[in-house]
Amino acid sequence: MTLLDKLGGIPIQPDALQWLLTPKALKAELLTRIAAAVNSIYIAALYLEDDEAGREILAALMSAKDKNPELDIKVLVDFHRARRGLIGHKSDSGNDQMYRTVMQAAKHPIEILGVPVKSREFMGVLHLKGFIVDDAVIYSGASINNIYLHQGEKYRFDRYHVIESAELARSMRQMIQTYLVQDPAVSSLTQDKATESLPQKNDVRTLKSRLAKASYQYESTTIGNRVTPVVGLGRKKNKLNKIVVDMVAQSTDTLFICTPYFNPPYALARALAKHLKDGKRIDIVVGDKTANDFYIPPEQDFSTIGALPYMYEQSLRKFAKRQQWAVENGQLNIHLWKDGINSYHLKGISADNKRHLITGSNLNPRAWALDLENGLLLHDECGAWKEKFAQEQAHILQHTERLYHYSQIETINKYPAPVRKIMTRIRRLKADFLLKRIL
């Protein structure tokens, strides 16, 4: 029996898992669940944006609270992300201004809390995911804004699952209450700007050590279909990272991996290479550089952040070149996702069609070392979900093109001049190694 076989989880019935597939379906489900909530609504996301979709979700939460003032509502977002404007936009007004305005006018305010995982945003963010409404968990890597919820013409593609489990919902709420809500570094984002009380610098500095000990507590079983909730922060003793590596190492046949930003940590890259050398198959679905949320079309004004998609593409090219032999014999299938002006944000890994990790983790060095991440590992002991996961994978592959040779990926010489300039400078300064650790 392997380590993963021994991993305890919360027993769930096969029909307790539902696939939503589209961002519009996620939005509809969220609004329906919020309106029908009886006891509690806990939302953890990187951000809740001050735009049409964000305001609609916030209005739904306020309406639910007005209808039932005893309803326990907590929204947790990244502290630093909430207090700044959008990257590339001149306005310095953050989402916290909307929260403040709405709560000042509210008869029954709700709690919107900012979590400063690190003292600076670039050093790590709250990347915890989950919309926990009563006895159900809606899990997605999506945050709340127009593009994630397909409010207009453009969407950002993610994964969306609903799990009906009172024990899972309780466990995830308890972890949020214990390690986030009650922590002195976590503060309200709805305080009056003139008199707001910000967390002490030392509390923020030491929060990462407290969060590194966070875990989900639950009634556990090692048999039958079950779900294992996992939280991880930091390079050392990170259970989520270990599960990913173990899933790859212990897979006997196939892996299906989704990541928007291809830059696997060394331990994962090594495990993937060994998987291929052992004659097994890997399907990797990654966004085309134009489907990266940081991509800036050539006709628009360029800023430094726009170089990121190209850096990730070079990481993919390097990996594909090294494993070209596996691409040629059909063991390694790299699928590039592209659908018009839309972007790609899918994460997760499936092993042998039996274990499925749904997560917000990008499976890159930043996620593995800096951000607070979580995930739900689904064990399909009886094969009840095999067909549905296969349908989800077919849905994901709809807008993809398979890579047959690494040379199909552009070299730096083909990139726009501003990108070439930045990437040449990075190489000249030998900053590649440092950058990869935070990308």
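Being a predicted model, the structure only gives us computed values, none of them experimental.
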* Can you check whether Ile110 reaches Val102 side chain to side chain, under 4.5 Å on heavy atoms? -> no
* To do: Run the numbers on Lys289 and Tyr310 for side chain to side chain contact (heavy atoms under 4.5 Å, CB included), then give the verdict.
  => CA-CA 6 Å; Lys289 67 173 173 289; Tyr310 298 90; 3.6 Å; yes
* Asn374 side chain near Tyr139 side chain, heavy-atom distance below 4.5 Å -> yes
* Asked: Does the side chain of Ile34 reach to within under 4.5 Å of the side chain of Ile57, using non-hydrogen atoms?
  -> yes
* Would you find more than 12 non-hydrogen atoms of other residues, nucleotides or ligands less than 6.0 Å from Glu153 atom CD? -> no
* Within the side chain of Gln408, is there an N or O that forms a donor-acceptor pair under 3.5 Å with the backbone of His405? -> yes
* Structure fact -> Interatomic distance, CG@Asn225 vs CG@Leu17, rounded to 0.5 Å, equals 9.0 Å
* Run the ring-centre check on Tyr148 versus His345 and record whether the distance is less than 6.0 Å. => yes
* Asked: Taking the inter-plane angle between the rings of Tyr261 and Phe294 on a 0 to 90° scale, is it parallel (under 30°), tilted (30 to 60°) or perpendicular (over 60°)?
  -> tilted
* Asked: Short question: side chain of His399, backbone of Gly340 - any donor-acceptor pair under 3.5 Å?
  -> no
* To the nearest 0.5 Å, tell me how far Asn241 CG sits from Leu233 CG. => 9.5 Å
* Flag the pair Arg270 / Lys274 as yes when at least one side-chain heavy-atom distance between them is below 4.5 Å, and no otherwise. => no
* How many angstroms lie between CD in Gln323 and CG in Asn329, if you round to the nearest 0.5 Å? -> 10.5 Å
* Which pairs, with at least one residue in residues 328-354 and sequence neighbours excluded, count as a salt bridge (charged side-chain N to carboxylate O under 4.0 Å, His left out)? -> none
* **Minimum-distance pair of heavy atoms, taken over all atoms of Ser187 and Pro199** => OG-CD, 3.6 Å
* Work out which heavy atom in Leu31 is nearest to a heavy atom in Ala60; give both atom names and the distance. => CD2-CB, 3.7 Å
* Less than 4.5 Å apart, any side-chain heavy atom of Leu240 and any of Leu357? -> yes
* Hey, is the main chain of Asn145 close enough, under 3.5 Å, to the side chain of Tyr47 for a donor-acceptor pair? -> no
* Asked: Would you say Val248 and Ile349 make side-chain contact, with heavy atoms under 4.5 Å?
  -> yes
* Asked: Got a donor-acceptor contact below 3.5 angstrom from the Thr259 side chain to the Phe262 backbone?
  -> no
* To do: Please report the C-alpha distance between Lys27 and Gln151 in whole Å, then the side-chain angles of each, then the deciding distance to 0.1 Å, and finally whether the side chain to side chain donor-acceptor pair (under 3.5 Å) criterion is met.
  => CA-CA 9 Å; Lys27 183 187 172 191; Gln151 188 83 2; 2.7 Å; yes
* Heavy-atom pair of closest approach, residues Arg210 and Asp203 -> NH2-O, 2.9 Å
* Asked: NZ of Lys321 to CD of Gln324: how many Å apart, nearest 0.5 Å?
  -> 10.5 Å
* **Whether over 12 other heavy atoms sit under 6.0 Å from Gln398 CD** => yes
* Taking C-beta and beyond as the side chain, do Val125 and Arg81 meet within less than 4.5 Å on heavy atoms? -> no
* Can you check side chain to side chain donor-acceptor pair (under 3.5 Å) on Tyr218 and Gln174, steps first, answer last? -> CA-CA 10 Å; Tyr218 49 85; Gln174 183 188 57; over 6 Å; no
* Thr178 and Gln182 side chains, donor-acceptor separation under 3.5 Å -> no
* Does Ser215 have any side-chain hydrogen bond (donor to acceptor under 3.5 Å, both in side chains) partners at least two apart in sequence or in another chain, and if so, which? -> Gln217
* Flag, side chain of Asn95 to backbone of Asp50, donor-acceptor distance under 3.5 Å -> yes
* To do: Before giving the answer on side chain to side chain donor-acceptor pair (under 3.5 Å), spell out for Thr254 and Arg281 the whole-Å C-alpha distance, their side-chain angles and the decisive distance to 0.1 Å.
  => CA-CA 5 Å; Thr254 62; Arg281 173 179 168 139; over 6 Å; no
* To do: Taking all non-hydrogen atoms of both residues into account, name the closest pair between Val231 and Lys239 and its distance.
  => O-CB, 4.4 Å
* To do: Hey, could you give me the CG/CH2 distance between Leu363 and Trp368, rounded to the nearest 0.5 Å?
  => 7.0 Å
* Assess whether atom CZ of Arg402 is packed by more than 12 heavy atoms of other residues, nucleotides or ligands within 6.0 Å. => yes
* Asked: Can you pull the ring pair (Phe, Tyr, Trp, His ring centres under 6.0 Å) pairs that have at least one residue in residues 268-292, sequence neighbours excluded?
  -> none
* Donor-acceptor pair, side chain of Glu49 and main chain of Asn146, under 3.5 angstrom -> no
* State whether the side chain of Asp278 and the backbone N or O of Lys280 hold a donor-acceptor pair below 3.5 Å, judged by distance alone. => no
* Around atom CD of Glu401, are there more than 12 heavy atoms of other residues, nucleotides or ligands at under 6.0 Å? -> no
* Checking Tyr160 side chain against Ala142 main chain: does a donor-acceptor pair fall under 3.5 Å? -> no
* **Leu149 side, atom CG; Lys24 side, atom NZ - distance, nearest 0.5 Å** => 11.5 Å
* With the side chain counted from C-beta on, respond yes when Leu46 and Lys129 share a heavy-atom pair under 4.5 Å apart, and no when they do not. => yes
* Applying salt bridge (Lys or Arg N to Asp or Glu O under 4.0 Å), run through Glu164 and Arg33 and close with a yes or a no. => CA-CA 12 Å; Glu164 304 278 359; Arg33 296 272 178 175; 2.6 Å; yes
* Asked: For Gln200 and Asn202, what are the C-alpha separation, side-chain angles and deciding distance, and is it a side chain to side chain donor-acceptor pair (under 3.5 Å)?
  -> CA-CA 5 Å; Gln200 296 294 311; Asn202 189 55; over 6 Å; no
* Structure fact -> Thr190 and Ser188 have their tightest heavy-atom pair at OG1-OG, 2.9 Å
* To do: Evaluate whether atom NZ of Lys208 has more than 12 neighbouring non-hydrogen atoms of other residues, nucleotides or ligands under 6.0 angstrom away.
  => no
* Looking at Arg317 and Glu410, does any basic side-chain N land under 4.0 Å from a carboxylate oxygen? -> no
* To do: Count the heavy atoms belonging to other residues, nucleotides or ligands that lie under 6.0 Å from NZ of Lys236, then report whether that count exceeds 12.
  => no
* Any donor-acceptor pair under 3.5 Å from Arg55 side chain to Met98 backbone -> no
* Could you tell me how the ring of Phe389 sits relative to the ring of Trp385: parallel (under 30°), tilted (30 to 60°) or perpendicular (over 60°)? => perpendicular
* Could you walk me through whether Met172 and Leu376 pass the side chain to side chain contact (heavy atoms under 4.5 Å, CB included) check? -> CA-CA 11 Å; Met172 293 180 77; Leu376 302 177; 4.3 Å; yes
* To do: Pick out which of Asp183, Val77, Leu126 makes a side-chain contact (heavy atoms from CB on, under 4.5 Å) with Val115.
  => Leu126
* To do: Run the numbers on His395 and Phe157 for ring-ring contact (aromatic ring centres under 6.0 Å, His included), then give the verdict.
  => CA-CA 11 Å; His395 177 72; Phe157 190 33; 5.6 Å; yes
* What class does the angle between the rings of His161 and Trp19 fall in, given that below 30° is parallel, 30 to 60° is tilted and above 60° is perpendicular? -> perpendicular
* To do: Check for a donor-acceptor pair, side chain of Arg156 on one end and backbone N or O of Pro23 on the other, with a separation under 3.5 Å.
  => no
